[in-house]
Amino acid sequence: MTLGFTLVGIEVGWAFVRKTEPLLSIERLTKRYGDLVAVRDLSLEIAPGEIFAMLGPNGAGKTTLIGCVTGLIQHFDGTVRVAGYDVRRDYQVTRQVVGVVPQELNFDAFCSTRQILIYQGGYFGRRRACERADELLRIFGLSEKASANSRWLSGGMKRRLMICKALMHQPALLFLDEPTAGVDVELRDELWAYVRRLREEGVTVFLTTHYLEEAEQLADRIGILNQGRLILVDRRDRLLNRFGTRWLTVTCDRKLPKPLKDRLAPFQVTFPGPDCLRVRYRGARDPERVPVVEQVLAAVRDAGMQVRSLEGGRSSLEEIFRNIVKRDNHPDAGAVVEPEGGYVR
Ligand SMILES: Nc1ncnc2c1ncn2[C@@H]1O[C@H](COP(=O)(O)OP(=O)(O)OP(=O)(O)O)[C@@H](O)[C@H]1O
Ligand SMILES: [Mg+2]
């Protein structure tokens, strides 16, 4: 299945979207469930056209945050604006602008796939809802199931149907709450391609995910939520550079002599094998990087060794995420991470 997509006319929500101001603006949002503070004093702005990934362990508050923005949760402290409109006071506008693919299935299990989409179009006063439904069913490879009862769809198909449903009114700001949980690898790749495509069409995407590779592949900016607090927001590349380390493994033609090991001692070096060394250094933009790699290789050459193989890599977002959350949960273990730049105030 290939995903082809064109906007059929501009729907009503887009009329409210101005390119110059944040599409989503959250100021000091706090949501309590009794004594539990699910989201605590959270401020964030999302610019039009960006893909923002919110990461966080189970129970961090991601779905609650989405609920507050999309109108599912009404009682919270703070202000949330979509395209400059207050989500509670001006909900008739903001609900036209946002679309949400919730974490849980939310369609009528007794309707056909196509009917579900047409009803959804009706809720939003969508013109030509039948055409739009057919278009989305085709894009998401569900045309054959158009008249099937939605209960008969497979898990992955149900998820696709949820995405179609959220797109019926052509939202300018799309929330995807764990969009690829339970979908197969092929559909996941297609969804990623589709998300990028939506962005090209000008749609702003806010996604939550536990697949950190997903955030690494897709997001322009990444936020990390932990116990209801937004502990970090940064551009993806800067996050990887700021918190990630790189490593280079050098395998030589023979056992490393002691003088060489001694010379390498000032660096962050380990020796995975008798003929092998691994040096860790900071991200690509680290001014120390070239000297470290050069000095290590120079030391190897000076010791009269020949290099058999070189292998390099960098820490994944997954490692970085785990580290940041661990440090946040146990501040004594290291410095608390300060948000830098981005839109966090
Ligand atoms: N309706 C509710 N009533 C009471 N507590 C709730 C309610 N909804 C969520 N919570 C609690 O709020 C906290 C945040 O939940 P939320 O669903 O927002 O987390 P999440 O980050 O989306 O987690 P996950 O990754 O598991 O989806 C959790 O402790 C949860 O139990
Ligand atoms: Mg959730």
Side-chain angles (χ1 to χ4, degrees), residues 24 26-44 46 51-80 82 87-88 91 98-107 155-156 158-163 165-166 171 173-183 188 191-192 195 205-219 221-234 236 239 316-330 337 339 344:
L24 173 61
I26 302 173
E27 274 172 46
R28 311 208 62 174
L29 169 65
T30 296
K31 171 64 193 170
R32 291 186 178 82
Y33 294 112
D35 290 339
L36 177 87
V37 186
V39 176
R40 188 186 294 267
D41 201 18
L42 186 149
S43 297
L44 177 70
I46 308 273
I51 300 180
F52 186 95
M54 188 63 90
L55 311 178
N58 285 132
K62 304 179 295 297
T63 300
T64 301
L65 171 63
I66 291 178
C68 295
V69 178
T70 54
L72 296 170
I73 296 171
Q74 293 283 318
H75 298 284
F76 55 81
D77 296 324
T79 311
V80 180
V82 169
V87 293
R88 288 180 289 198
Y91 67 92
V98 301
V100 58
V101 180
Q103 197 170 359
E104 310 290 342
L105 298 182
N106 71 340
F107 44 72
K158 284 180 181 148
R159 200 148 272 280
R160 288 186 220 177
L161 179 57
M162 304 244 291
I163 295 169
K165 196 177 159 197
L173 171 58
L174 181 65
F175 287 86
L176 297 162
D177 200 353
E178 300 193 27
T180 50
V183 304
R188 193 197 60 190
L191 281 176
W192 289 2
V195 167
V205 178
F206 182 110
L207 64 95
T208 74
T209 181
H210 287 284
Y211 294 122
L212 298 209
E213 199 202 332
E214 188 156 278
E216 202 168 337
Q217 294 281 331
L218 283 181
R221 278 193 312 148
I222 290 173
I224 298 182
L225 199 60
N226 190 36
Q227 298 179 30
R229 285 177 304 111
L230 186 60
I231 57 172
L232 183 99
V233 172
D234 213 336
R236 178 200 48 192
L239 186 81
S316 64
L317 182 59
E318 178 125 19
E319 274 178 78
I320 295 171
F321 168 74
R322 263 195 262 118
N323 256 327
I324 289 174
V325 171
K326 198 164 85 189
R327 267 197 285 175
D328 190 60
N329 288 338
H330 307 283
V337 179
V344 156

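All figures in this text were calculated on a predicted structure; none of them were measured in a lab. Ligands are counted one by one from 1 in listed order, and the atoms in each one are counted from 1 as well. Basis for what follows: all heavy atoms, side chains included, without hydrogens, waters or symmetry-related copies.
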Could you tell me, atom by atom, which parts of ligand 1 come under 4.0 Å of a heavy atom of Glu178? 25 (O), 27 (O)
Drop me the distance from Leu176's CG to Thr209's OG1, to the nearest 0.5 angstrom. 10.0 Å
Quick check for you: to the nearest 0.5 Å, what is the distance between Gln227 atom CD and Leu36 atom CG? 10.0 Å
Among protein heavy atoms, which sits nearest to atom 26 (O) of ligand 1, and what does the distance come to when rounded to 0.1 Å? Asn58 ND2, 2.7 Å
Residue of the set Leu65, Val205, Thr63, Val98 for which side-chain contact (heavy atoms from CB on, under 4.5 Å) holds with Phe175: Val98
Verify, without hydrogens or angle tests, whether Lys62 (side chain) and Met54 (backbone) share a donor-acceptor contact under 3.5 angstrom. no
Atom 22 (O) of ligand 1: closest protein heavy atom, distance to 0.1 Å, is Thr63 OG1, 2.8 Å
re atom 23 (O) of ligand 1, the protein heavy-atom contact at minimum distance is Gly59 N, 2.8 Å
Under-4.0 Å heavy-atom contact between protein and atom 31 (O) of ligand 1: no
To check you understand the geometry: which heavy-atom pair defines the closest contact between Pro179 and Thr208, and what is its length? CD-O, 3.4 Å
What are the atoms of ligand 1, with element, lying closer than 4.0 Å to any heavy atom of Ala60? 19 (O), 20 (P), 21 (O)
With no hydrogens and no angle check, is any side-chain donor or acceptor of Arg188 less than 3.5 Å from a backbone partner on Glu214? no
Which word best sums up how the rings of Phe52 and Phe206 line up, parallel for under 30°, tilted for 30 to 60°, or perpendicular for over 60°? parallel
Measuring from atom CD of Glu178 to atom CG of Leu207, what distance do you get when rounded to the nearest 0.5 angstrom? 10.0 Å
Point-to-point distance, once rounded to the nearest 0.5 Å, from NE2 of His210 to CG of Leu55: 9.0 Å
Nearest protein heavy atom to atom 9 (C) of ligand 1, by residue and atom, and its distance? Tyr33 CE1, 3.4 Å
Gly99 and Pro171 have their tightest heavy-atom pair at N-CB, 3.3 Å
Heavy-atom contacts under 4.0 Å between Leu36 and ligand 1: side chain, backbone, both, or neither? side chain
Near the Mg ion (ligand 2) (under 2.8 Å) - protein N, O or S atoms: Thr63 OG1, Gln103 OE1
To which protein heavy atom is atom 18 (O) of ligand 1 closest, and what is the distance rounded to 0.1 Å? Thr64 OG1, 2.6 Å
Check: Gly78 main-chain N/O paired with Arg28 side-chain donor or acceptor under 3.5 Å: no
The protein heavy atom nearest to atom 27 (O) of ligand 1 is Gln103 NE2, 2.8 Å
Is there a nitrogen or oxygen of Gly61 sitting under 3.5 Å from a nitrogen or oxygen of ligand 1? yes
